[in-house]
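Everything quoted here is computed from the prediction, not taken from an experiment. Every heavy atom of this structure was used, including side-chain atoms; hydrogens, water molecules and symmetry mates were not.
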Amino acid sequence: MVDFKKMISNILAQEIGVIGEEEIYNIIEIPKHTEMGDFAFPCFKLSRLLRKSPNMIAEELKEKIKCNELFEAVSAVSGYLNFTINKQFYAKTVINEVLEKKELFGATDIGKGRTVIIEYSSVNIARAFHMGHIRSTMIGNSLYKIYKFLNYNVIGINHLGDYGTQFGKLITAYKLWGNKKDIEERGVDELLRLYVKYHDEAEKNPLLDDEARSWFTKLENGNEEAYEIWKWFREISLIEFERVYRLLGVSFDSYAGESFYSDKMPAVLKELREKNILTKSDGAEIVDLSEYGMPPAIVTKRDGSTLYVTRDIAAAKYRKDTYSFYKNIYVVGSPQKLHFQQLFKILEIMGYDWANDLVHVDFGTVSLEEGSLSTRKGRVVFLEDVLLKAIEMAKNIIEEKNPTLENKELVAKQVGVGAVVFQELFNNRIKDYTFSWSKSLAFDGETGPYVQYAHARCCSIIEKAGDIDIYDVDYSLLTDSSSMEIIKKLYQFADIVIDAHDKYEPSLITRYVTQLAHCFNKFYHDNPILTNDLSLTKARLALVYAVKYTLKNGLNLIGIEAPERM
RNA sequence: GCGCCUGUAGCUCAGUUGGAUAGAGCAACGGACUUCUAAUCCGUGUGCCAGGGGUUCGACUCCCUUCAGGCGCACCA
């Protein structure tokens, strides 16, 4: 699409000698208030170089470039040079672009030829799939879609927590208090019960922890009984997790979790030892990171078994060898920030320059009003419960507002799940938040259903319009303020997607889509679209199409469905 | 103790790599459906941008410091 900023910086560069076009381009901003114009060039930086007041510079520049058919107005206001693009040209440029690109509007090919790995969700086997897991799952899912949209080759990995001492604990608990029948009947619920009981008992009897450690060591050394139990628990868990992933519409290219790397551990340890990176300490092997201002990382325990960071070293190496990634992104909560800093540093020390291509996308913690989520303490809100409740509420609202709707079940699912997901991706990922049923189940205001509703309105108008075509549009009919507000918003979409990509921040798209829906709802309220005036109808209909495509593209990028009716 | 993160309207949060009068939603009150779905739209805000210093023509934004909350720091993940 035509880059207005580029056009302006190009013109300005011919008049300004002291700084280059690129710098000018970067300085140009979009004014906060629309009355000021579409783009603004602040002259303060030039002021020092030219030894003139910003005001005067703006005035002089204005005189030099005022005659240009591209601009409707060029004004100098308190040190800013403000540009207003010719509205008809603006409208035509944007709408043509959207209608031409359709579901690819906003996409670019900056990712062409690059493979990106995104590790997300990474739930723990045999434990509750709870509200705390939705963030990694949906942030990762969204990043997956954003990267894909930008033409990257993307590999989504669910790095399952299917290994480690916790399995020793589970096996111990199963041997002491469990039985086959209960697990077959109750699935993960029973595994959870055993896990909670283990922790209760271990508080009274610390010897249990030795038992658990020893079971994990057995598992790691290939003990058959341990392996069979482990495999069984893993399968049971995955079946239940899949149910939730299906509801959310999330999938993965790989489920290579921690256990996948167990046989790659010896080689990693050998390499670390050969490179003289390990130090013995208290029977354990550590990497001393004090010169980098970090506490040491433990690589093997006293009994020789491995830890989290060891497996992550193996995983990173494996991924580099297998996928030759451009970036390897870990969507994992911020409590694990230090872990990733250590991991990246160790790989750097090992001599891998690609350690710079590893990214930890961290995010804040979800807690409950009663306190932090804790599987062990049984303080937990199951994700599936929240989703099902949201679907049920959506169903009730449909019955109330649109009882004749077809596919009620499907739409209720799309809207209910959309509401929950939207809530997760609305704020900056770094913020902690307290889960609340009423917020997750909100359907008014800045919510998923709000955006979906705007989309459904577009669809319903288009359907009603029947075979009215949108060729030969008279763009002068879209120069009113509420149309232009939409058009300017549409123009920003590609930049927003890039920004979300640069910052690993899906919320930028969530916010954008909400703003676009709002502009559209306002327009919709004030302007009849299907009128007796064919050329007016065509023009407005073209705008509706453009909004529809963009809303749908945006929702798709945050993993939310866009029903055509609701 | 050391390190990282957060602190903006009653509540939940935005705030465009330092820029022109700090914005939304919720809640409250008041308006708008014989017309394309009112899950919508419009109106009403006295915010020491946690406090204090500093850098700058200009600071919610950068630096220092204090306070408050959260998280992490050796054999869990």
- Item | Presence of N428(A) side-chain N/O under 4.0 Å of rA14(B) phosphate oxygens OP1/OP2 | yes

- Please state whether the phosphate of rA74(B), meaning OP1 or OP2, lies under 4.0 angstrom from any side-chain nitrogen or oxygen of R302(A). no

- Query: Has the side chain of D162(A) got a donor or acceptor that lies under 3.5 Å from a partner of the other kind on the base of rA77(B)?
  - Reply: no

Could you let me know what [N] is paired to, Watson-Crick or G-U wobble, both distances under 3.5 Å, or none if it's on its own?
N       : answer
rC2(B)  : rG72(B)
rA22(B) : none
rC41(B) : rG31(B)
rC67(B) : rG7(B)

- Does the ring center of F129(A) lie less than 6.0 Å from the ring center of F241(A)? yes

- May I ask you to check whether F216(A) and Y163(A) place their ring centers less than 6.0 Å from one another? yes

Could you list by number each residue of [range] showing a heavy-atom separation from RNA chain B of less than 4.0 Å, or answer none if no residue does?
range                       : result
residues 35-43 of chain A   : E35(A), M36(A), A40(A)
residues 413-426 of chain A : V415(A)
residues 494-509 of chain A : none
residues 206-217 of chain A : R213(A)

Scan nucleotides 3-8 of chain B against the protein and return all N/O pairs shorter than 3.5 Å with their distances rounded to 0.1 Å.
residue, atom, partner, partner atom, Å
rG7(B), OP1, K431(A), NZ, 3.1

Quick one: label [X] by what it contacts on the DNA or RNA (base, sugar-phosphate, nothing), any heavy atom closer than 4.0 Å.
X       : result
D282(A) : base
P54(A)  : nothing
S281(A) : base
G164(A) : sugar-phosphate
R311(A) : sugar-phosphate

- Query: More than 12 heavy atoms of other residues, nucleotides or ligands under 6.0 Å from CD of E406(A): is that the case?
  - Reply: no

Of the listed nucleotides [options], the one nearest the side chain of [X]:
X       : options                   : result
P295(A) : rC73(B), rA14(B), rC76(B) : rC73(B)
D444(A) : rC42(B), rA39(B), rU12(B) : rA39(B)
V77(A)  : rC57(B), rA39(B), rA20(B) : rA20(B)
F44(A)  : rC75(B), rA77(B), rC57(B) : rC57(B)
L307(A) : rU17(B), rA77(B), rU40(B) : rA77(B)
T165(A) : rC42(B), rC76(B), rU21(B) : rC76(B)
S78(A)  : rA20(B), rC13(B), rG15(B) : rA20(B)

- To the nearest 0.5 Å, what is the distance between CG (D209(A)) and NE2 (H199(A))? 8.0 Å

- Message: Anti or syn, where syn is a glycosidic angle within 90° of 0; which label fits rC33(B)?
- Response: syn

- Side-chain donor-acceptor pair under 3.5 Å between Y491(A) and D38(A), yes or no? no

- Message: When you compare the side chains of R213(A) and S305(A), does any donor N or O come within less than 3.5 Å of an acceptor on the partner?
- Response: no

- Message: On RNA chain B, compare the nucleotides closest to I398(A) and I27(A); which residue's is nearer the 5' end?
- Response: I27(A)

- Note on the structure: Contacts of A394(A) and E29(A) projected onto RNA chain B by closest heavy atom; the upstream (5') one is E29(A)

Give every donor-acceptor pair under 3.5 Å between a side-chain atom in residues 423-430 of chain A and any protein atom, sequence neighbours left out.
residue, atom, partner, partner atom, Å
Q423(A), NE2, K439(A), O, 3.2
E424(A), OE1, Y433(A), OH, 2.9
E424(A), OE2, Y433(A), OH, 2.3
N427(A), OD1, R511(A), NH1, 3.2
R429(A), NE, Y504(A), O, 2.7
R429(A), NH1, D362(A), O, 2.8
R429(A), NH1, D362(A), OD1, 3.3
R429(A), NH2, K503(A), O, 2.9

- B/S/- along nucleotides 31-38 of chain B (protein heavy atoms under 4.0 Å) is -B---BBS

- Cationic tip of K5(A) above Y25(A) ring, under 6.0 Å, 45° of axis: yes

Below 3.5 Å is the cut-off: list the nitrogen or oxygen pairs between protein and nucleotides 9-11 of chain B, distance only.
none

- Where is the tightest heavy-atom contact between A40(A) and P31(A), given as atom of each residue plus distance? CB-CG, 3.8 Å

- Item | Atom C1', compared across rG45(B) and rU66(B): separation rounded to whole Å | 31 Å

- Pick one: which of T306(A), T217(A), T310(A), T165(A) meets side chain to side chain donor-acceptor pair (under 3.5 Å) with K301(A)? T165(A)

Exercise answer: donor-acceptor pairs, residues 396-403 of chain A side-chain atoms, under 3.5 Å, sequence neighbours excluded:
residue, atom, partner, partner atom, Å
E399(A), OE1, K408(A), NZ, 3.3
N402(A), ND2, M566(A), O, 2.7

Check nucleotides 69-72 of chain B against the protein and report each pair of N or O atoms closer than 3.5 Å, with its distance, or say if there are none.
residue, atom, partner, partner atom, Å
rG70(B), O2', D432(A), OD2, 3.2

- Please collect all salt bridge (charged side-chain N to carboxylate O under 4.0 Å, His left out) contacts where either partner lies in residues 44-58 of chain A, sequence neighbours excluded, each pair once. K52(A)-E60(A)

Identify all side-chain donor-acceptor contacts of residues 452-462 of chain A below 3.5 Å with residues at least two apart in sequence or on another chain.
residue, atom, partner, partner atom, Å
Q452(A), NE2, Q414(A), O, 3.2
Q452(A), NE2, E561(A), O, 2.8
H455(A), ND1, P563(A), O, 3.1
R457(A), NH1, N521(A), OD1, 2.8

